S.K.: 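Take this structure, written in structure tokens, and hold onto it; I'll ask about it next.
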Amino acid sequence: MTGLSVALFVLAAVLVAMVCVKADRVRSVRRRTHPSGGDLPASAFVAARTVLLVMAALCVWQGARGLAAAHDNEWSDDELTSAVRQTADDLDGYWYRESSLTHDTPYFDDYAALIEERVVRHGGGGAPQTGVNASPLSGDPDADGDFTVSADGTDRAFCVHVEKSRWKTHDYTPPGLTGGESSTGYRELAYRLTVRARGGAC
């Protein structure tokens, strides 16, 4: 997007330079290349310069829009710093349950996705809604450990440490048909997260 905007600004400069070419110079070139043609009237130069100026203005306007759009899709250092710190505070003590049979959780896909979603949520109204990446040091996004958090538009990175522990008092066993605990053996196991963040990649 930025490259296209720069190209539009360069094109606008070329168009303005064309507007500045004197009519006598154009007529002189025309006489050499088309001797049989008549001289161009002054109204033709006025019309041509008007069209060139309008085109240059459109290029500048579109280029400015492109730069604004590119800026809106990039994170700043301050936005990422604030979002990561709030994410660590938010997820520290976060608890959830997963199936004892499949060990799947309906609350999030994996820790990497959970971190990315929370960073975007805490980015604020001015931050983009995409562009955050939480890369697990272990290579497994579902394993507790260290995650390097980065975002488009900034070179700043953070290391978020995630550690889960069992919280048996919050386990859930569905009731049976006649009351009491179910005899199917199905339970939902509760886990609690400890989350810390520090500056720099892991």
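Small disclaimer: the values here were computed from a predicted structure and weren't measured.
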S.K.: For the residue pair Trp75 and Val119, establish whether any side-chain heavy-atom pair is separated by less than 4.5 Å.
M.R.: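 Sidechains of Val119 and Trp75: in contact.
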S.K.: Strictly distance-based, threshold 3.5 Å: is any side-chain N or O of Asp152 a donor or acceptor partner for the main-chain N or O of Glu74?
M.R.: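 Absent.
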S.K.: Do side-chain atoms of Ser135 reach the backbone of Thr148 as a donor and acceptor pair under 3.5 angstrom?
M.R.: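 Here the side-chain-to-backbone pair does not exist.
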S.K.: Applying side-chain contact (heavy atoms from CB on, under 4.5 Å), run through Leu193 and Tyr96 and close with a yes or a no.
M.R.: CA-CA 9 Å; Leu193 298 182; Tyr96 62 92; 4.0 Å; yes
S.K.: Within 45 degrees of the axis of the six-membered ring of Phe108 and under 6.0 Å from its centre: does Arg118 put its NZ or CZ there?
M.R.: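 No, Arg118 and Phe108 do not form such a contact.
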S.K.: Going through the distances and angles, do Thr194 and Arg192 end up as a side-chain contact (heavy atoms from CB on, under 4.5 Å)?
M.R.: CA-CA 7 Å; Thr194 299; Arg192 186 174 183 176; 6.0 Å; no
S.K.: Using 4.0 Å as the upper bound for N to carboxylate O, is an ion pair formed by Asp171 and Arg187?
M.R.: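 Yes, Arg187 and Asp171 are salt-bridged.
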S.K.: From Leu80 CG over to His122 NE2, what is the distance, rounded to the nearest 0.5 angstrom?
M.R.: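 One finds 13.0 Å between CG of Leu80 and NE2 of His122.
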S.K.: Treating Glu116 as the side-chain partner and Ala134 as the backbone partner, does any N or O pair qualify as donor plus acceptor under 3.5 Å?
M.R.: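 Checked: pair present.
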S.K.: Please find the pair of heavy atoms, one from Asp146 and one from Cys202, that lie closest to each other, and give the distance.
M.R.: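 So the two residues come closest at CB-SG, 3.6 Å.
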S.K.: Checking the side chain of Thr87 only, and the main-chain atoms of Ala83 only, is there a donor and an acceptor separated by less than 3.5 Å?
M.R.: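 A pair under 3.5 Å: yes.
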S.K.: Which heavy atom of Asp155 sits nearest to which heavy atom of Asp77, and what is that distance?
M.R.: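 Nearest pair, atom of Asp155 first, then Asp77: N-OD1, 4.5 Å.
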S.K.: Drop me the distance from Arg196's CZ to Cys159's SG, to the nearest 0.5 angstrom.
M.R.: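 The distance works out to 13.0 Å.
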S.K.: Looking at Arg198 and Val160, would you say the former's side chain and the latter's main chain have a donor-acceptor pair under 3.5 Å?
M.R.: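 No.
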S.K.: Among pairs that include at least one residue of residues 146-169, which meet ring pair (Phe, Tyr, Trp, His ring centres under 6.0 Å), considering only residues two or more places apart or in two chains?
M.R.: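 Residue pairs with at least one partner in residues 146-169: Trp95-Trp167, Trp167-His170.
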S.K.: Honestly, is Arg97 close enough over Tyr191, meaning NZ or CZ under 6.0 Å from the six-membered ring centre and within 45° of the axis?
M.R.: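 Negative - Arg97 is either too far from the ring of Tyr191 or too far off its axis.
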S.K.: Tell me, do Val162 and Leu114 make a side-chain contact under 4.5 Å, heavy atoms counted?
M.R.: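 In short, these two side chains do not touch, never coming nearer than 4.5 Å.
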S.K.: Supply the atom-to-atom distance Gln129 CD to Glu117 CD, rounded to the nearest 0.5 angstrom.
M.R.: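 With rounding to 0.5 Å, CD (Gln129) is 10.5 Å from CD (Glu117).
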S.K.: On a heavy-atom basis, which atom in Val84 and which in Ala197 lie closest, and how many Å separate them?
M.R.: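 For Val84 and Ala197, the tightest heavy-atom pair comes out as CG1-CB, 4.0 Å.
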